[in-house]
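For reference, the structure discussed in these notes is given below.
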There are 2 protein chains.
Amino acid sequence: MMSSIGGSLERMSTQKTPRIDPLTVEVVDLIGTVVARYHEEYEEAASEHALTGAQARLLSLLSLEPLPMRRLAQKLKCEPSNVTGIVDRLEARGLVERRPDPADRRVKLAAVTVEGLGVARSLRDSLRFAREPLAGLSREERVSLRGLLLRMLSGSAGVGGPGGS
Amino acid sequence: MMSSIGGSLERMSTQKTPRIDPLTVEVVDLIGTVVARYHEEYEEAASEHALTGAQARLLSLLSLEPLPMRRLAQKLKCEPSNVTGIVDRLEARGLVERRPDPADRRVKLAAVTVEGLGVARSLRDSLRFAREPLAGLSREERVSLRGLLLRMLSGSAGVGGPGGS
DNA sequence: TATTGTTATACTCTATAACTATA
DNA sequence: TATAGTTATAGAGTATAACAATA
């Protein structure tokens, strides 16, 4: 699904755009490939558990801690009205439940059930991307990659960290 | 939208799963952040041109060469029936057109119009991710990053390249 | 018979706007 | 009045199955 993104940058040097050197184009294309791989594997892992991508992400979030619907919308970067439906479907499968918030009766806390936690763990375990691609790198190479990615991310705006929001 | 993926791996070391060392977890989380950034920027660039992500990807593909509907489905990794709708919407805006294939009258070739090519170029130019994040890296660092990403990707199965299929 | 593209259908995700119950 | 969550609605993407035209 994402495999076309990187490729579309290949002819950049023929345009009147600020020129980009071939090395940079190559690195950007490689990042595009990594992005495509990451996505394919995430969607595949989700569908192995009969979950959509959005459901899998929400379930993973809740496996860490219960959250108000509003907070879930912020973390998923979507409107609160959408969260209602996603939680509905997970709740119908018994993976998630809604609890009242004692401190504010307007708030509903979404929380994983025991079964939901099991699915979340199984989902996480099937994310092979965490193991295989990095398996080809030595410890020093991983340290080096970590440093480069950190510099790459901190060098531009609007980045908080993996947890988002 | 993707920002929850990386975070869900943080507690992996507390599970009975094959143990993953903290360094690897850190690198995987960083990759998750890169993936999230890449996506946000791509969707943002698309919507600046009043395109959805799928429409932007299809348009970018066609800006390189006309393709049969079937090939588009393969490149986008979706069913051919979906491509009909996406091309319909782009065609309604005059960005894409369907042409007969002289060699096989069953085939319809989707191709960008002149206007579509302009939008595709403008879209590509607004993909700031290609410039800013890598701007913080020296030439040697980019070479190093390229090498690490190449080794990472070639070390696992099922990878062709940025262009896919 | 097999293949290409389309249609019909159903589901999910998405944003917007209006509603309710609390605060 | 402001906020949290929901409902209603509409558009887009997705997969499946059935279909017409062509090979």
Side-chain angles (χ1 to χ4, degrees), chain A residues 1-5 39-40 42-44 46-59 61-62 66-93 95-111, chain B residues 1-2 4 39-40 42-44 46-59 61-62 66-93 95-111:
Chain A
M1 166 65 96
M2 299 295 309
S3 55
S4 62
I5 294 178
H39 255 274
E40 282 167 30
Y42 196 85
E43 294 290 322
E44 187 183 322
S47 89
E48 278 169 12
H49 294 80
L51 296 169
T52 65
Q55 288 165 9
R57 286 188 283 276
L58 195 151
L59 191 64
L61 275 177
L62 290 188
L67 290 170
M69 304 296 279
R70 211 96 189 165
R71 291 284 299 139
L72 275 173
Q74 291 168 345
K75 296 240 185 198
L76 295 175
K77 298 193 201 305
C78 71
E79 295 301 313
S81 60
N82 302 324
V83 177
T84 299
I86 301 174
V87 168
D88 280 350
R89 287 179 276 275
L90 289 172
E91 194 168 34
R93 283 180 54 185
L95 304 180
V96 158
E97 64 182 11
R98 284 171 166 94
R99 298 177 191 160
D101 181 342
D104 186 337
R105 290 195 308 181
R106 291 174 303 180
V107 173
K108 289 179 188 171
L109 294 171
Chain B
M1 168 65 99
M2 299 295 307
S4 61
H39 256 273
E40 282 167 30
Y42 196 85
E43 295 290 322
E44 187 184 321
S47 90
E48 278 169 13
H49 294 79
L51 297 169
T52 65
Q55 287 165 11
R57 286 187 284 276
L58 194 150
L59 192 64
L61 275 177
L62 289 189
L67 290 169
M69 304 296 278
R70 210 97 190 166
R71 290 283 298 140
L72 276 173
Q74 290 168 345
K75 296 238 185 200
L76 295 174
K77 298 193 200 305
C78 71
E79 295 300 312
S81 60
N82 302 325
V83 176
T84 298
I86 301 172
V87 168
D88 279 351
R89 287 180 277 274
L90 289 173
E91 194 167 34
R93 284 180 55 188
L95 304 181
V96 158
E97 64 183 10
R98 286 171 165 94
R99 299 176 191 162
D101 182 342
D104 185 338
R105 291 195 307 180
R106 291 173 303 181
V107 173
K108 288 179 188 170
L109 293 172

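Letters A, B, ... mirror the listed sequences (proteins, then strands); counts begin at 1.
For B:R106, the side-chain contact (heavy atoms from CB on, under 4.5 Å) test picks out B:D104, with sequence neighbours left out. Here A:S47 pairs with nothing under the side-chain contact (heavy atoms from CB on, under 4.5 Å) rule; sequence neighbours left out. Judged as a side chain to side chain donor-acceptor pair (under 3.5 Å), and not counting sequence neighbours, B:Q55 has no contacts. Applying the side-chain contact (heavy atoms from CB on, under 4.5 Å) test to B:R70 and every residue at least two apart in sequence or in another chain returns B:P80. With sequence neighbours left out, B:R98 forms a side-chain contact (heavy atoms from CB on, under 4.5 Å) with B:M69, B:T84, B:V87, B:D88, B:E91, B:K108.
Checking C:dT14, C:dT22, C:dC13 against the side-chain heavy atoms of A:C78 singles out C:dT14 as nearest.
Separating the CZ atom of B:R105 from the C1' atom of C:dT4 is a distance of 13 Å, rounded to the nearest angstrom. Between the CD atom of B:E40 and the P atom of C:dT14 there is a distance of 13 Å, rounded to whole Å. Taking atom CD1 on B:I86 and atom P on C:dT6, their separation rounds to 12 Å, with Å as the unit. The interatomic distance linking B:R93 (CZ) with D:dG11 (P) rounds to 16 Å, in whole Å. What separates CG of A:L51 from P of C:dC11 is a distance of 18 Å, to the nearest Å. Distance, B:H39 NE2 to D:dG13 P: 15 Å, rounded to whole Å. Following rounding to the nearest Å, B:E79 (CD) and C:dT12 (P) show an atom-to-atom distance of 18 Å. Counting to the nearest Å, the P atom of D:dA15 and the CD atom of A:E43 are 10 Å from each other.
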What string of B, S and - do you get for nucleotides 3-8 of chain D 5' to 3' if you count protein non-hydrogen atoms under 4.0 Å? BBBBB-
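For the pair A:A110 and A:V96, the tightest heavy-atom approach, listed with the atom from each and the gap, is CB-CG1, 4.5 Å.
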